[in-house]
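Since the structure comes first, as structure tokens, the remarks are kept for the end.
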Amino acid sequence: GEFGFGRGETVLAEGLSNDEKRVGLVSVDPLFAPGPAIRWFKVEGEWLSTSFEQIDPNERRAVALRGQRGTKAVPHDAGAPVYVGASVSTDVPLVFKDRYVPKGAIR
């Protein structure tokens, strides 16, 4: 699209079967962006995760855990767009009444 949606940060260099763990990418540079050591990326609706230690910049491959975040490991064709994401966490403060329930109170 005109705002860059739909392109992905990189693409698969070769196809993946459902049980393949080594993911070949055209570029692994987006996986080395600043952030936590665990890297998340998505290919056609399937979430995968890897870490800095499992990325080989010379071979442009990453050993990944497939089917993360409730998705299933499915085959993918070469050239499929790869979207790189990050973990996000939010602290929600609780008020006193949310943290403590008096003895005998109905929950």
Side-chain angles (χ1 to χ4, degrees):
E2 64 185 55
F3 297 108
F5 300 120
R7 284 187 273 174
E9 283 77 18
T10 186
V11 296
L12 291 179
E14 52 199 41
L16 285 176
S17 65
N18 0 353
D19 57 346
E20 181 69 37
K21 304 279 188 230
R22 292 177 49 84
V23 180
L25 302 167
V26 169
S27 172
V28 293
D29 292 342
L31 294 175
F32 285 109
I38 302 298
R39 312 311 294 186
W40 293 93
F41 56 104
K42 185 171 79 167
V43 181
E44 298 175 334
E46 178 190 351
W47 278 102
L48 302 90
S49 68
T50 190
S51 65
F52 288 133
E53 297 84 26
Q54 296 176 317
I55 302 169
D56 185 344
N58 296 323
E59 290 187 20
R60 294 190 308 256
R61 291 187 180 278
V63 176
L65 293 172
R66 303 277 309 268
Q68 299 292 294
R69 295 182 173 176
T71 62
K72 289 188 160 236
V74 295
H76 301 287
D77 294 328
V82 176
Y83 301 90
V84 178
S87 296
V88 176
S89 65
T90 304
D91 292 328
V92 178
L94 298 176
V95 294
F96 179 80
K97 69 181 181 95
D98 292 333
R99 291 187 285 177
Y100 302 100
V101 177
K103 199 173 198 175
I106 298 174
R107 290 185 172 188

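Please read these numbers as outputs of a predicted model, since none were measured by experiment. Numbers here simply count residues along the sequence, with the first being 1.
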Please check if [X] and [Y] belong to a single hydrophobic cluster, counting links between Ile, Leu, Val, Met, Phe, Trp and Tyr side chain heavy atoms closer than 4.5 Å.
{"X": "I55", "Y": "V82", "value": "yes"}
{"X": "I38", "Y": "W47", "value": "yes"}
{"X": "F52", "Y": "V84", "value": "yes"}

Q. Taking only residues two or more places apart in sequence, or in another chain, which ones meet R69 in a side chain to side chain donor-acceptor pair (under 3.5 Å)?
A. none
Q) Which residues pass the side chain to side chain donor-acceptor pair (under 3.5 Å) test with W40, sequence neighbours left out? A) S87
Q.
Taking side-chain hydrogen bond (donor to acceptor under 3.5 Å, both in side chains) as the cut-off, I'd like each qualifying pair that reaches into residues 70-81, sequence neighbours left out, listed once.
A. E44-H76, E46-H76
Q.
Considering only residues two or more places apart or on different chains, which pairs with a residue in residues 55-64 satisfy side-chain hydrogen bond (donor to acceptor under 3.5 Å, both in side chains)?
A. E14-R61, R22-E59
Minimum heavy-atom distance [X]-[Y], with the two atoms named:
{"X": "P81", "Y": "V11", "answer": "CA-CG1, 4.1 Å"}
{"X": "T50", "Y": "V63", "answer": "OG1-O, 2.7 Å"}
{"X": "A13", "Y": "A78", "answer": "O-CB, 4.0 Å"}

Q: Without swapping roles, check the side chain of R39 against the backbone of L48 for a donor-acceptor pair under 3.5 Å.
A: no
**Q.** Partner residues of P57 under the side-chain contact (heavy atoms from CB on, under 4.5 Å) criterion, sequence neighbours left out
**A.** V28, F32
Q) How long is the gap from CG on L25 to CD on E9, to the nearest 0.5 Å? A) 11.5 Å
Q) Of the options V43, D19, L16, which is the one that meets R66 in a side chain to side chain contact (heavy atoms under 4.5 Å, CB included)? A) L16
Q. Is the closest side-chain heavy-atom distance between T10 and F41 below 4.5 Å?
A. no
